[in-house]
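Proteins get letters first, then strands, A, B, ... in listed order; numbering begins at 1 in each. All heavy atoms count here, side chains included; hydrogens, waters and symmetry mates do not. Given the structure is predicted, the values throughout are model-derived calculations rather than measurements.
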Amino acid sequence: MSQQRNRLATGGRIDRTRPLSFSFNGKHFEGYAGDTLASALIANGVRLVGRSFKYHRPRGLLTAGSEEPNALVQLGTDAASEPNQRATQVELFDGLEAVSQNCWPSVGLDVGAVNNTLSRILPAGFYYKTFMWPKSFWKYYEHVIRKAAGMGRAPESPDPDCYDKMHDHCDVLVVGAGPAGLAAALAAGRAGARVLLADEQSALGGGLLGRRAEIDAAPAAEWIAKSISALQAMPEVQLLCRSTVAGYYDHNYLTIAQRLREGSDPGRRCDKPRQRLWKVRAKQVVLATGAHERPMIFRHNDLPGIMLASAAQCYINRYAAKPGDIAVIFTNNDSAYEAALDLAEAGVTVVAVVDVRTAAESPAQAAVRSRGIEVLYRHAVVAASGRRRVSAAKVMALDDSGESVSGAARTIRCDFLCMSGGWSPAVHLFSQSRGKPSYDASKACFVPGQSVQAERSAGAARGSFALAECLTEGHEAGVAAAAAAGFQRPGRPAKPPVAAKVDEAPLQPFWLVPAAPPGAPLNKHFVDVQNDVTAADIALAAREGYRSVEHLKRYTTTGMGTDQGKTSNINALAILGQTLGADISAVGTTTFRPPYTPLTFGTIVGRDIGALADPVRMTPIHSWHVANGASFEDVGQWKRPWYYPRPGESIQDAVNRECLATRQAIAILDASTLGKIDIQGPDTAEFLNRVYTNGWKKLEIGRCRYGVMCGEDGMVFDDGVTTRLGEHHYWMTTTSGNAARVLAWLEEWLQTEWPELKVYCNSMTEHWATVGIAGPFARQLLSELTDDIELDPKAFPFMTYRAGTVAGIAARVFRISFTGESSFEINVPARYDLALWNTLMTAGEQYGITPIGTESMHVLRAEKGFFIAGQDTDGTVTPLDLGMDWIVSKQKDFLGKRSLARPDMLREDRKQLVGLLPVDPQEVLPEGGQIVTDMDQKPPMNMIGHVTSSYYSVNLKRSIALALVRGGHKRHGETVYVPLENKVIAANVSEPRFYDPEGKRMHA
Amino acid sequence: MLLIKCPWCGERDAHEFSYGGEAHITRPENPDKLSDEQWADYLFMQKNAMGPFLERWVHAHGCRRWFNVRRDTVTHEITAVYKMGDRPPERTA
């Protein structure tokens, strides 16, 4: 166990009584409760935390927050392992194990670092320019590049943790719990609004947690504590920490990723989710998201030990962890002076503050100078030096223009370097809300422009960086948001929290430290450290014509990756602007997209996995099918018995047995999944006449009729049998997979086009169960179970319906047939379904009753040439293409009729439904097989159609198929070919009817 | 996600609804009398408005009722919801 040699003896928001041990890259360390992985590494003097993506340069911590580009780690080793975690956000827990990403075999010895010495030949767009040629080789290059790039490992086994979702709404959602956010939440909460306050950090307080400041004449920590207590006492206020507002969508809909549990704790995996995704609809939103400090762009500015000034300040104040002993500070604004004072206070030797500006009288500068710290005005750090960590800064004087440096270079030894290039408001969520950021030249940053949705920004998020401004703006935003949501505090207005106003010398924009000596390459001036994009790359891209920011981003990869350029984008835009001679406001920003920081897949998916991924629908006799060994098939969400194998039977054996039983004895089929729509009303016949292609006005009560529905485009969309149960009462059946779509279709026309029709539709699919019995003994079996339905074919002919009692159950019996056998579809209320089935099975035993599944049903209907909508049709097939001219009325209008007369529908070479009989009756064509007429063609061959259904028919003792073939109706008798990988199957085109074409059996 | 105010059920998330395309397209009385171009115009040609657009929605996972909406296709702002068969309300300045 190593010492925490950089830990301060006192101070910080850590608990020194709770030491925690952890390992990083295999070495063991100790930290304290309250640490992040990053602060614990700083306390232990660990500088090197990772390697860069492209050049594999050694990298250290740049920030202390979620914007961290360098310190990406893989957490854990088991199935709960997570890649791309930012060490700055990972809260330390006992037993934490983390390894650096992007280095192989180890962070200290990295093979890919050879890219660094090759960096002169790996400029912007290198991958595009080199590995894309020849095109076919990319698959080989990609493999090697990906391995070397190491973007973290996805766990290989299923995630053992569970995740949750929460749907919520509030009057005011406050994003960010820094001074502005807390003040806003307090003001809105006091007005009585329902407030949700979300912050990504482990504690509320935002930037105040890393600073020494006073609010209401007391240390900020006291004000934070008091504010939290006040908020907790308000019943309508909810506080969420560890909660990143990830996305801002339309109509004030936001998502929040809440981390509930860090680390791996298998015992609690099931009772406590790891993360929760909140989906929040907010009446008003206050964006108090703060700002990101910008790095300075100088040579070797990516060495470990070079960090943002605010980060160093945060490590010292919040975590009592010192990034080093001797510091140089490089800045263009006053905020780094506050950091310099805090560092000095903590015992760090601040050897120099290097400021690009001329001297000014501001309290912060005066305080630094009076502490005896040397301030080098009008100077710049032109380069850092050191191996694997910074050891010195090379400083030179700036010319008046600021565009070049001159004079003697001075080398200042240090062991860390703090930089501040100014601040960029976190406008990400504002931009996601479709607001357009605008450039504020006086603050040298993009600030939120006009609001598009019901939101307002406050504090540093809108470019008001001073604490006093953050507090008043936050307060005002809270009051205004609550008022807009309808809440006004009774009595006199509350006072905002107060901080002393501090005079600051203005910032001087300074985007790129000039090359020293002038003209030297800028290829180690890093702009985007996560993607290894340098100032030279941006200049090269601009020269090559990538003048739009969106193109620049994609060509150089700047602003991509897990950090999405939070610390690099604005610098890149400014350098592009300088190169093009354009103003930064004209260059604009790239689009900010959700999520704000990466989300783990589990959080997005929540509980919608495994059995909960999609609902499963089961018929009332599902348990019987399971008990009797059925294999199941998914039909939409339904589980349907596919076939019922007996011991030792293959699927073909079972289907042969089931098909023979149907034609020779009796089959029983669970047909409950059929869509059933009860249609009532005096205009129903007229309505059916409009939605079906055939005529319905003369259907008598008690009779059934088959119908085909088309879309307005004339394409077949569904088919089924509809029965007239009474004067104004009809019973429509649809295919199993289309039931909801057909009902929606009927409703659409009734409600939107024909509201004058008195017709009422209700889904009855799950209220009524359907059992079909078919075969030569079906009537005999039914006669044993009913005494009030006359079954004689003359009294109860094909395509009619009778109500009566079957097996003691009130039933509706339909003489309709999909198998081509004499059959009865018995409908009973769903709760009697199993009883009916069991009675039929018992009574039918003597006739050899055989349950059949969907596969046999498909074979039997194909023998008859009955098409299945969605299998033999695909949305491009008309009733005429199916050869069903007989069902298309010429007398009346119906949906889709006019389309059937369009010239394209009359073409003779349309794909039409035909039968195929393979020349070798034992060869079964594969469904989807492509059909050609001439095997002498060279590829690509002229394909005239494809096989839509294909089976071996045991009843016909041969293979049969249905196919859609160009001009097929005129090809009957022709031989066609289906070329396959290893063979060619020849088949003869025929009528699509193979068995009992006159239909004698089903009429019997 | 859009927040849509169903005329019968009130405000609900967009995922309870299905979209029905442009509103106020009337099915021709006598399709047989139309030229192919006229029929194709009815069948295929919908406005692709950038800005305010009158369109149909159905509360598919709610009351199953159809209604009309005026939505800005750029900002998604919904400025009117009215029943099937009604004319769009006058636009307020």
Side-chain angles (χ1 to χ4, degrees), chain A residues 167 169 247-255 279-283 433-435 450-454 594 690 710-715 740-741 743-756 760-763 889-906, chain B residues 1-5 7-8 11-46 55-69 71-78 83-86:
Chain A
H167 297 265
H169 36 88
Y248 196 142
Y249 305 92
D250 290 306
H251 295 184
N252 264 14
Y253 192 72
L254 296 97
T255 52
K279 300 184 173 189
V280 179
R281 184 80 69 176
K283 282 189 188 151
S433 81
R434 283 201 324 276
Q450 198 171 355
S451 292
V452 175
Q453 299 203 36
R690 295 184 191 183
C710 294
E712 275 284 57
D713 57 2
M715 302 302 168
R741 229 168 296 157
L743 179 64
W745 176 247
L746 302 181
E747 285 285 354
E748 180 180 344
W749 286 97
L750 282 172
Q751 290 183 36
T752 68
E753 202 66 34
W754 305 319
E756 73 281 3
Y760 308 94
C761 303
N762 271 296
S763 169
S889 168
K890 294 194 171 54
Q891 323 300 329
K892 56 144 195 175
D893 187 27
F894 56 85
L895 293 180
K897 185 183 189 189
R898 177 65 184 80
S899 289
L900 297 178
R902 294 176 63 233
D904 196 56
M905 306 296 171
L906 306 172
Chain B
M1 179 168 14
L2 304 190
L3 188 65
I4 298 171
K5 190 171 182 178
W8 287 273
E11 289 186 331
R12 295 286 194 279
D13 282 343
H15 67 215
E16 291 187 16
F17 300 85
S18 295
Y19 186 61
E22 186 180 342
H24 305 297
I25 295 178
T26 308
R27 187 170 196 267
E29 286 270 333
N30 294 303
D32 284 344
K33 300 223 166 79
L34 299 185
S35 68
D36 286 332
E37 289 69 29
Q38 286 169 321
W39 179 251
D41 186 57
Y42 156 72
L43 196 56
F44 301 120
M45 298 302 166
Q46 297 206 355
E55 60 193 19
R56 309 182 311 158
W57 287 82
V58 58
H59 197 182
H61 300 286
C63 63
R64 295 200 338 224
R65 299 287 284 266
W66 283 86
F67 55 94
N68 295 314
V69 166
R71 179 181 62 99
D72 189 306
T73 58
V74 178
T75 65
H76 291 314
E77 191 191 0
I78 292 174
K83 292 183 182 176
M84 209 35 78
D86 289 355

Item checked: When Gly711(A), Ser899(A), Ala740(A) are compared by non-hydrogen pairs under 4.5 Å with chain B, the top option ->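 Answer, by heavy-atom pair count under 4.5 Å with chain B: Ser899(A).
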Note to self: Testing the basics here: between Arg434(A) and Thr75(B), what is the closest heavy-atom pair and its distance to 0.1 Å?
What the structure shows: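 Residues Arg434(A) and Thr75(B), closest heavy atoms: NH2-O, 2.7 Å.
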Next item on the list: Heavy atoms only: give me the nearest Glu748(A)-Arg56(B) pair and the separation to one decimal.
Entry: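 Minimum heavy-atom separation between Glu748(A) and Arg56(B): OE2-NH2, 2.7 Å.
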Can any side-chain N or O of [X] pair as donor or acceptor with the backbone N or O of [Y] at less than 3.5 Å?
{"X": "His76(B)", "Y": "Asp250(A)", "answer": "no"}
{"X": "Arg898(A)", "Y": "Leu34(B)", "answer": "yes"}
{"X": "Glu753(A)", "Y": "Arg27(B)", "answer": "yes"}
{"X": "Arg281(A)", "Y": "Met1(B)", "answer": "yes"}

Please state whether the side chain, the backbone, both or neither of [X] comes within less than 4.5 Å of a heavy atom of chain A.
{"X": "Phe67(B)", "answer": "neither"}
{"X": "Ser18(B)", "answer": "neither"}
{"X": "Leu43(B)", "answer": "side chain"}
{"X": "Trp39(B)", "answer": "side chain"}
{"X": "Asp13(B)", "answer": "both"}

Note to self: Can you confirm whether Glu747(A) sits close enough to Val58(B) that some side-chain heavy atom of one is under 4.5 Å from a side-chain heavy atom of the other?
What the structure shows: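 Heavy-atom side-chain distance check fails, nothing below 4.5 Å.
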Given a strict heavy-atom distance threshold of 4.5 Å, which part of [X] is in contact with chain B: side chain, backbone, both, or neither?
{"X": "Tyr248(A)", "answer": "neither"}
{"X": "Lys897(A)", "answer": "side chain"}
{"X": "Gln751(A)", "answer": "both"}
{"X": "Leu895(A)", "answer": "both"}

Checklist line | From NE2 (His169(A)) to CD (Glu11(B)), nearest 0.5 Å | finding: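 Rounded to the nearest 0.5 Å, the NE2-CD separation comes to 10.5 Å.
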Check: Nearest 0.5 Å, what's the CD-CG distance between Glu29(B) and Asp893(A)?
Finding: 10.0 Å
Item checked: Crowding at CD, Glu756(A) (>12 non-hydrogen neighbours, <6.0 Å) ->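 Atom CD in Glu756(A) is packed in, count exceeds 12.
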